[in-house]
**Student:** 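Pasting a structure here, questions to come.
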Amino acid sequence: MSRKIFQAVVILTAGGFIFHGVTRGEVAIIFQKAARICMECIGLG
């Protein structure tokens with residue numbers, strides 16, 4: 001398999017996983033967790 005084909009397959013696969021996560025609503029969950037962790041790190045939570 002040539003390198004260009006392999007790179008294209010990896011990029012398309014990654015895009016598919018990202019699309020799947022977005023359609024499941026995981027973006028909001030990730031942002032909520034990030035905000036919670038940030039608040040705990042700086043001592044506000």
Side-chain angles (χ1 to χ4, degrees):
M1 188 186 287
S2 94
R3 185 177 173 116
K4 296 276 185 190
I5 293 172
F6 179 73
Q7 288 174 342
V9 169
V10 169
I11 289 172
L12 289 173
T13 303
F17 281 122
I18 291 170
F19 179 75
H20 181 66
V22 168
T23 57
R24 288 184 55 190
E26 293 181 8
V27 175
I29 294 169
I30 297 299
F31 282 129
Q32 289 172 354
K33 287 181 180 182
R36 192 173 321 122
I37 290 170
C38 189
M39 292 296 185
E40 289 175 3
C41 287
I42 59 175
L44 296 177

**Student:** Can you measure from OG1 (T23) to CD1 (I18) and round to the nearest 0.5 angstrom?
**Tutor:** 12.0 Å

**Student:** When rounded to the nearest 0.5 angstrom, what distance separates NZ in K33 from CD1 in I37?
**Tutor:** 8.0 Å

**Student:** Establish whether V9 and F17 are linked, either directly or via other cluster members, by ILVMFWY side-chain heavy-atom contacts under 4.5 Å.
**Tutor:** no

**Student:** Using the salt bridge (charged side-chain N to carboxylate O under 4.0 Å, His left out) rule, collect all pairs that involve residues 19-31, keeping only residues at least two apart or in two chains.
**Tutor:** R24-E26

